[in-house]
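Down below is the structure, laid out as structure tokens.
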Protein chains: 2
Amino acid sequence: MQNISKEDYLSAIYKYRETDGTIKANRIADKLSISNAAVTDMLKKLANDGFVDYKRYKGIRLTKNGEEYAKNMVRRHRIWEVFLHQIVGMPWDKVHEEAHNLEHGASDELINKMEEMLDFPEFDPHGDPIPDKNGLLPKQRHTIPLSLAAKGEAVEVVRVNDFDNSFLKYLSGIGIKLNKKLTIKNVLGFDKSMIISIDNKEVNISSTIAANVFVHRKN
Amino acid sequence: MQNISKEDYLSAIYKYRETDGTIKANRIADKLSISNAAVTDMLKKLANDGFVDYKRYKGIRLTKNGEEYAKNMVRRHRIWEVFLHQIVGMPWDKVHEEAHNLEHGASDELINKMEEMLDFPEFDPHGDPIPDKNGLLPKQRHTIPLSLAAKGEAVEVVRVNDFDNSFLKYLSGIGIKLNKKLTIKNVLGFDKSMIISIDNKEVNISSTIAANVFVHRKN
DNA sequence: GAATTAATTTAAGCAAGCTTAAAATTATTG
DNA sequence: CAATAATTTTAAGCTTGCTTAAATTAATTC
Ligand SMILES: [Mn+2]
Ligand SMILES: [Mn+2]
Ligand SMILES: [Mn+2]
Ligand SMILES: [Mn+2]
């Protein structure tokens with residue numbers, strides 16, 4: 001397509017649509033930090049390109065083509081993130097921005113080559129799933145927010161919300177990364193903050209932090 | 001700067017300016033496949049930004065700032081080329097285009113990291129010099145076009161012209177790559193084509209091919 | 001169900017980066 | 001040095017992607 005704007009719109013629609021597949025223009029505008037008028041404008045173009053179904057004042061949803069395109073963009077983004085993290089050694093709080101600036105430029109050939117180098121990773125550095133070359137996603141894992149784990153439970157970190165870099169940096173600062181095992185030592189009734197054991201050290205994390213870390217139960 | 005067009009103009013001016021540092025608008029238009037009118041337009045903007053010295057109908061040259069910026073773009077491009085070639089295994093006839101599409105997106109931080117991973121390469125996959133972080137170029141090597149080598153000479157490939165992919169592909173097809181050693185077995189008077197020995201095989205190459213391969217004498 | 005509020009679209013306009021055609025300037029040459 | 005040629009600039013106009021303000025439509029609430 002060779003059009004950064006359109007690609008960003010498609011990615012955003014895919015990423016932020018509701019479970020029924022629809023999305024409000026409002027939300028797109030929000031996520032892209034752009035006016036509603038601009039969104040209306042672009043929706044007409046995307047509809048014209050056959051990427052979205054759109055009737056004025058009615059709902060918005062990706063067509064089959066649009067979903068395919070968007071999913072490929074997500075794939076490109078996440079493979080970049082893994083590559084930057086694993087191969088280049090970039091910390092997980094910096095890969096998103098860098099990947100975002102590279103995802104439009106790389107050829108599919110390069111993306112596929114990187115994927116191969118990485119041995120076909122299924123998840124990005126934040127635990128988000130990577131669609132394969134055919135658009136297939138790895139089978140979904142059942143996770144719970146760390147904030148729902150109870151005193152005494154042993155869990156493994158499986159995914160973290162990736163929309164705030166300082167949050168990610170904080171996490172790695174206290175030793176939390178993907179696949180890390182934690183034990184919940186205590187949950188304070190006062191503010192629902194948790195004392196967790198990680199690498200044999202104990203740290204206290206707020207309930208807000210805990211709500212943005214997703215885990216598997218291990219016992 | 002975050003402006004792909006301007007960056008491409010600066011790179012082109014740097015790359016294609018004459019030895020006295022000037023360049024004609026004409027030539028920029030040519031190299032960027034763009035109209036002269038568009039070039040005039042952009043020159044005003046670049047002058048306004050302090051990147052070029054420009055007076056209408058007079059010569060064009062980069063300011064100190066402009067040269068610095070341009071040199072950094074060349075650096076970014078060439079480090080990408082080395083990275084794609086060495087780390088990702090992309091053939092030398094494909095790295096230029098891919099690097100061109102990535103050079104605007106990457107952060108300087110990423111570029112520096114890649115440079116370090118590559119152990120501070122001095123030349124790109126086609127033998128072109130890479131400015132270091134401070135804009136310093138490796139000291140210039142004295143080379144001659146292969147077409148000027150004489151029967152019996154042993155030479156080493158040091159640089160190839162990189163503006164035609166099929167040429168590059170042809171070269172690697174017959175085993176020519178950077179640092180390769182060759183011996184000139186014969187030069188045909190008829191068309192100045194050469195018979196060279198490479199990896200104990202003999203191949204005939206046209207004088208045009210030979211004129212675009214640059215070598216060191218080895219004896 | 002009418003009134004209010006929220007969401008969306010239209011209208012008008014702007015900047016960037018192009019185009020072609022015409023005009024102006026500079027360079028070359030007979 | 002005058003004529004011609006080459007180069008560069010100006011003028012007018014187009015598309016893309018954005019903006020704000022006003023108008024329209026849909027959704028919510030009393
Ligand atoms: Mn991301
Ligand atoms: Mn991610
Ligand atoms: Mn190149
Ligand atoms: Mn090169």
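Because only heavy atoms are used, hydrogens play no part in the values below, and waters and symmetry mates are left out as well, while side chains stay in. As the structure is a computational prediction, the values presented were derived from the model and not from experiment.
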Going 5' to 3' along DNA chain C, which are the first and last nucleotides with any atom under 4.0 Å from a heavy atom of chain B?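 Both ends considered, the range comes out as C:dA16 to C:dT26.
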Has the side chain of A:Tyr57 got a donor or acceptor that lies under 3.5 Å from a partner of the other kind on the base of D:dT24?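 Answer is yes: a donor-acceptor pair is held.
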A:Phe51 and A:Tyr69 aromatic ring geometry - parallel, tilted or perpendicular at 30°/60° bounds: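 Plane angle over 60°, so perpendicular.
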Near DNA chain C, under 4.0 Å by heavy atom, which residues of residues 28-43 of chain B?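 Contacting residues: B:Ile34, B:Ser35, B:Ala37, B:Ala38, B:Met42.
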Given DNA chain D, 5'-ward residue of the pair A:Arg56 and A:Lys45, judged by closest heavy atom: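 Comparing both residues, the 5'-ward one is A:Lys45.
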Contact nearer the 5' end of DNA chain D, comparing A:Tyr9 with B:Ile23: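 On the 5' side of the pair lies B:Ile23.
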Between A:Arg17 and A:Glu67, is there a salt bridge with N-O shorter than 4.0 Å?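 Yes.
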For the backbone of A:Ser193 and the side chain of A:Ser207, can you confirm whether one donor and one acceptor N or O come within less than 3.5 Å of each other?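 Not confirmed, A:Ser207 side chain does not pair with A:Ser193 backbone.
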Tell me, please, which residues at least two apart from B:Tyr9 pass ring pair (Phe, Tyr, Trp, His ring centres under 6.0 Å).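 Applying ring pair (Phe, Tyr, Trp, His ring centres under 6.0 Å) to B:Tyr9 gives none.
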Scan the side chains in residues 105-113 of chain A for donor-acceptor partners under 3.5 Å anywhere in the protein, sequence neighbours excluded, and list what turns up.
| unit_1 | atom_1 | unit_2 | atom_2 | d |
| --- | --- | --- | --- | --- |
| A:Ser107 | OG | A:Leu110 | N | 3.0 |
| A:Ser107 | OG | B:Glu98 | OE1 | 2.7 |
| A:Ser107 | OG | B:Glu98 | OE2 | 3.2 |
| A:Asp108 | OD1 | A:Arg76 | NH1 | 2.7 |
| A:Glu109 | OE2 | B:Lys94 | NZ | 3.2 |
| A:Asn112 | OD1 | A:Arg75 | NH2 | 2.7 |
| A:Asn112 | ND2 | A:Asp108 | O | 3.3 |

So, does B:Lys58 get its side chain near the phosphate of D:dT8, meaning an N or O under 4.0 Å from OP1 or OP2?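 No, B:Lys58 has no side-chain N/O under 4.0 Å of OP1/OP2 on D:dT8.
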Who pairs with A:Asp49 by salt bridge (Lys or Arg N to Asp or Glu O under 4.0 Å), at least two apart in sequence or on another chain?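 If we apply the salt bridge (Lys or Arg N to Asp or Glu O under 4.0 Å) test to A:Asp49, skipping adjacent residues, the hits are A:Lys6.
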Got a list of side-chain donor-acceptor pairs under 3.5 Å for residues 23-48 of chain B, not counting sequence neighbours?
| unit_1 | atom_1 | unit_2 | atom_2 | d |
| --- | --- | --- | --- | --- |
| B:Arg27 | NE | B:Tyr16 | O | 2.8 |
| B:Ser35 | OG | B:Ala38 | N | 3.2 |
| B:Thr40 | OG1 | B:Asn36 | O | 3.3 |

What integer distance in Å separates [X]:[atom1] from [N]:[atom2]?
| X | N | atom1 | atom2 | result |
| --- | --- | --- | --- | --- |
| B:Lys24 | D:dA5 | NZ | P | 17 Å |
| A:Lys44 | D:dT15 | NZ | P | 15 Å |
| A:Ile4 | D:dC18 | CD1 | C1' | 15 Å |

Between the side chains of A:His126 and A:His96, does any donor sit under 3.5 Å from an acceptor?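 No, no side-chain donor-acceptor contact under 3.5 Å.
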